[in-house]
Protein chains: 4
Amino acid sequence: MAGNTFGEMFRITTFGESHGESVGVIVDGVTPGVEIDEAYIQVQMDRRKPGQSSVTTPRKESDTVYIQSGVFEGKTTGTPLFIILHNKDMRPSAYSDIQHSFRPGHADFTYLQKYGLRDHRGSGRASGRETAGRVAGGAIARKLLERRGVQVVAYTQEVGGIAGRTFDESVIEQNAVRAADPEAAVEMIQKIEHLASIGDSCGGIVECRIRGVQPGLGEPVFDKLDAELAKAMLSIGAVKGIEFGAGFAAAAMQGSEHNDEMDSEGFVTNYAGGIIGGISTGEEIVFRVAVKPTSSISLPQQTRNVDGEEVEIRTIGRHDPCICPRIVPVIEAMACIVLEDHYKRQAAMLG
Amino acid sequence: MAGNTFGEMFRITTFGESHGESVGVIVDGVTPGVEIDEAYIQVQMDRRKPGQSSVTTPRKESDTVYIQSGVFEGKTTGTPLFIILHNKDMRPSAYSDIQHSFRPGHADFTYLQKYGLRDHRGSGRASGRETAGRVAGGAIARKLLERRGVQVVAYTQEVGGIAGRTFDESVIEQNAVRAADPEAAVEMIQKIEHLASIGDSCGGIVECRIRGVQPGLGEPVFDKLDAELAKAMLSIGAVKGIEFGAGFAAAAMQGSEHNDEMDSEGFVTNYAGGIIGGISTGEEIVFRVAVKPTSSISLPQQTRNVDGEEVEIRTIGRHDPCICPRIVPVIEAMACIVLEDHYKRQAAMLG
Amino acid sequence: MAGNTFGEMFRITTFGESHGESVGVIVDGVTPGVEIDEAYIQVQMDRRKPGQSSVTTPRKESDTVYIQSGVFEGKTTGTPLFIILHNKDMRPSAYSDIQHSFRPGHADFTYLQKYGLRDHRGSGRASGRETAGRVAGGAIARKLLERRGVQVVAYTQEVGGIAGRTFDESVIEQNAVRAADPEAAVEMIQKIEHLASIGDSCGGIVECRIRGVQPGLGEPVFDKLDAELAKAMLSIGAVKGIEFGAGFAAAAMQGSEHNDEMDSEGFVTNYAGGIIGGISTGEEIVFRVAVKPTSSISLPQQTRNVDGEEVEIRTIGRHDPCICPRIVPVIEAMACIVLEDHYKRQAAMLG
Amino acid sequence: MAGNTFGEMFRITTFGESHGESVGVIVDGVTPGVEIDEAYIQVQMDRRKPGQSSVTTPRKESDTVYIQSGVFEGKTTGTPLFIILHNKDMRPSAYSDIQHSFRPGHADFTYLQKYGLRDHRGSGRASGRETAGRVAGGAIARKLLERRGVQVVAYTQEVGGIAGRTFDESVIEQNAVRAADPEAAVEMIQKIEHLASIGDSCGGIVECRIRGVQPGLGEPVFDKLDAELAKAMLSIGAVKGIEFGAGFAAAAMQGSEHNDEMDSEGFVTNYAGGIIGGISTGEEIVFRVAVKPTSSISLPQQTRNVDGEEVEIRTIGRHDPCICPRIVPVIEAMACIVLEDHYKRQAAMLG
């Protein structure tokens, strides 16, 4: 397929560009008879939208959810949900200056190379704006997972070298960076605000924890649960890596350490991160995602223009100095979609 | 789909279990008229097969390649290649002792939970044996990529905490661990042999470098080149993580550092690892894969049996103390399949 | 997948119900750099829309095409086209009377059985209204096929037992039934008007001719060109059968008659209908589609209500006494999508 | 995908050519824990194999089924079944004379046009031999459907213009043409034997009846149950058309006739053929398939050779004068695969 659809039995197809009139999603394979309303989806959209705090872009996107089909009298009908988000506050002018130059870290150059032309307005299809459709689709998956008793929680574990030291789920939504450690959150925010003040940006690490998944979920051999979560996460523009459980640290461990032993209660440890052989163990599914620094910075950078000439560029506009807080709901959304899809595939196998 | 097929336009479907009569692959979407013979594929199979050296299992698997269809008079016909590898030296008896217990680190427990029954002989379908079909299929993709001028090279970058310090591609196939640093290779081998002697195992990191890919390869939004490489790598049983370019280190970098600037020659740096926005930049594609320690160790471990009772288990049998040297060709194979598939999808878009 | 997406490399995903706010389509895999505008698509929409003539429903649907993404500065960008059609003149009230009863010939009963609930307003997702998205998507495929020199023409060959006796392509769009025989068209229209006057309806046969397809298009073995055209046509609600070339008549023929002999010019006959072994022969591709009588009639019929009680029903509302004239552009649209998809798959195989 | 895989959640991938060493199938998505053995599959293979009677080719193909993976201790494991059939009695020599000429009715010309080269030995991949893998895969689907209480029965309804006049299911396997009317069977056999004696062949019509499918099976809008059955049937080489229920006769009917009314018991008639809106009604699913005359005849025919010269050709070799009796199990197999796939997709939607 051409790359704008994700999932097998529960699937989303997104459309729309940064500065087009709308972005949105078609959600197919939705269980019929499930109560769903726009308010439920809006909660997730609001977690992703810009302008939330001092560490996110002041750019305004109301991101008001509108379900145009697939729901009748408050319940899903089994036919595709079509959810549209109309773009607001478009300022193509703000991008006219970068129309002819390739912004470092952005997909300007690669899109032009692939397609032979590009929609230069705010990265077009490559914009983070595209993830709005994912979050809307993910909210539907989240609703279906709730009925299965599955919870998906992501949070900022590290920002610009500052790592969280404690884990308190209750504070995640109470600080601007969505960290699980309130003290580290303060330091992270200071770091981000400082970098923003000098026109720079920073990256971070987001951890995701999934609870309530019983043992046995996942499709060997190629569609392993961790393999599809990896694809889902790396499909998010700013993500550069993923690791499960001990992850890269496992490279320096010995089998006698890393193997999760069992007792009559279950697993004694969870170095595997809740997935073995691509199938859930019943333990908490844990993975971490590497988020690169926001590419858009106002510091001057050297680049090329479309004519191959060297030019200096400064990305004017309103951007996030650190994308972690806003990527958290996107990561949760993609994880929800992968999980619900695998539940449906499990039902198909046994059905 | 049910998980045993990988790829869109160039696709492989594998079959077979560790101790069944055969494993193999059907390769579909192969360009017609390409000269291919079993000897070419055999070269890759021999890199994966056990018994190569002191650091791999002494288990014998001849892995003799046999093409049964799709090739006529030495050339591909455009119809599916069916490649079969007959299993040899099967010792189900060696596994009878673990028939009723779950080996730590193995998929014994998860497969039983998923399917309600399992083929306990050497992990059945979850065995590394399954990757033989992948390597055979990958060899076909490699052949097609050669005509495109694309080279895929993987090597062991780290083993049990010992990292390579230099990079000399010419030495990779000349040392037992497939490291690119001959001095580090000696230390790695010593470490592995020591762990083997005490019945333990260790993990490592394998790096993959892809050269010759022009700018513009990859399908946004969900089928990004890095997203599909991530899925491909995480679909390999022992892999627990992947990172591109600066990877997790990017989390502590600033935009002004991580952004790859351009000059009239091209990119000045390659922190992105050759992929931006899911599309190749024309720079070398670089990613690292985290490989967990081999789960099978002869040291005693605590586990459960199928009746829920706690038991001690020692995995008798012939296993690799470190899987890195043999996973290198598997990683290359999967990378080749992802690349060839994306080349064909690119041709479809433009065609 | 869940059934609302069609095509591999050129694919459409439709959404929307008869009386929802909109219907539409996402078109993925579109060649970049192609000039496209709404006017071009509108031409096809207008051929499908109701209220065109005395033999179509007077129901008003403006079907104004609106491209919301995927086109920039008049050219396709390679990203998904999102085309929306806002529903007008909705009269749910007109359907309130059939809310609790199953209309004979309609999917009311089957949808309720499948999903456990249904959107009863004008058949919901099962409405012919859904085909508006197909026609919009098909127009994009038609545009791409034009550049390949491929023409797709469908017309009404038979209505209510009256068959066309001559073929004049130039008259198809000049008569209300879209017949290629002007004299037969007059009889067909009289027949339809008579049936409409007594509250009944009739079926017909639509023939489709495709020219300009060179030899070699089609994917063996399951995705044969005729197999996918068959799926595409049978996916249209009112279609009950399809035949290629001699079709069912071949059942009574002998090999010496049906085999298309060749001479130095090419094929002497075309009983195969332009496809042999699932691959185009280079001759005109010819198939016929059986269209059932419109299910909605105002004559009283016996049926059941949701409580299982026998009731008499008369489908009030504004319906087509014969669907052939309006199904012609839908058949062309689906044929265009199948062809463009196969061209892209052919490019992938060779690419 | 490249066309050699069929099905979404229950899927088969076939391989092999007419005169290669083997043909076979990988069956993925099989429910685990189901008792299956080779004898069960062999029953279906024997119905398809040549040399059964006076009206089938005397060519010998033992078609002995061999399951190499996916079954452990007599039960399916949920991993792919790999079933191989080794070719016997290969006589490439018998085809050497047609190596350079295109046999009328065969895919010789189209394959060469598509791929640029071809395996000329007995049609290679385009041979009816490929259907052996389908029948093996279909037997697995049939086994799963048995547990659902679904029966699939096909039979020869017409041969060379002679139609069956009665329906007695019990006699189908008792006559050489697999007709449901023993008297018509005698006439059909005489007709076929006569044509065989003069070196000609004939076509026919095969009807398929499916019982035990409850209301609600099928995926709107593109993956309708009848749409996928149509694709499955047209993917069989000799099939040129399909119709459901009243089929093409519906074209001459009026809505008041064709609409299936309901009473408190259910449907009063079944002109729809058991499917409305792409979803099963609970009535018997009935469709008819048009089978063309066998292309291979020994009467002289005019054709071209690969150099474009006109030549006369007589297809020497051992062929079926009428393919209907042997296509019956292939049609049943494909129908079983479509049904089981839809059952699994239904389970996924609700699961």
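What you see is a predicted model; the values in this text were computed from it and never measured. Chain letters run A, B, ... following the sequence lines, proteins first and then strands; every chain starts at 1.
- Residues M253(A) and K292(B) form no side-chain contact, since every pair of their non-hydrogen atoms from C-beta on lies 4.5 Å or further apart.
- Annotation for I297(A) and N259(B): closest pair CD1-ND2, 4.0 Å, computed over non-hydrogen atoms.
- Within the 4.5 Å cutoff, the side chain of Y271(B) has no heavy atoms near those of the K240(A) side chain.
- A salt bridge is defined here as a Lys NZ or Arg NE, NH1 or NH2 lying under 4.0 Å from an Asp or Glu carboxylate O, and E228(B) with K231(A) meets this definition.
- Residues S256(B) and L299(A) approach most closely at CB-CD1, 4.0 Å, considering heavy atoms.
- For the residue pair A107(B) and G277(A), the shortest heavy atom distance occurs at CB-CA, 4.0 Å.
- In terms of heavy-atom pairs under 4.5 angstrom with chain A, the leader among G216(B), P293(B), G203(B) is P293(B).
- Residues P220(B) and K114(A) form a side-chain contact, since some pair of their non-hydrogen atoms from C-beta on lies under 4.5 Å apart.
- Between F267(A) and F109(B), the ring-plane angle classifies as perpendicular under the 30° and 60° cut-offs.
- Shortest non-hydrogen contact noted between K224(A) and L234(B) is CD-O, 3.8 Å.
- Only the side chain of E310(B) comes within contact range of chain A, judged by heavy atoms closer than 4.5 Å.
- A227(B) and S235(A) make their closest contact through CB-N, 3.8 Å (heavy atoms, listed as atom of the first residue, atom of the second, distance).
- For I205(B) against A251(A), the heavy-atom pair with the smallest separation is CG1-CB, 3.5 Å.
- Residues forming a salt bridge (charged side-chain N to carboxylate O under 4.0 Å, His left out) with R304(B) (at least two apart in sequence, or on another chain): none.
- Options T303(B), D260(B), I242(B) differ in how many heavy-atom pairs under 4.5 Å they form with chain A, and the most are formed by I242(B).
- Interface check for chain A: of the options A232(B), G255(B), G237(B), the most heavy-atom pairs under 4.5 Å are formed by G255(B).
- Annotation: maximal heavy-atom pairing with chain A below 4.5 Å, among P215(B), G116(B), G161(B), occurs at P215(B).
- Note on S280(B), G282(B), G218(B): by heavy-atom pairs under 4.5 Å with chain A, the leading option is G218(B).
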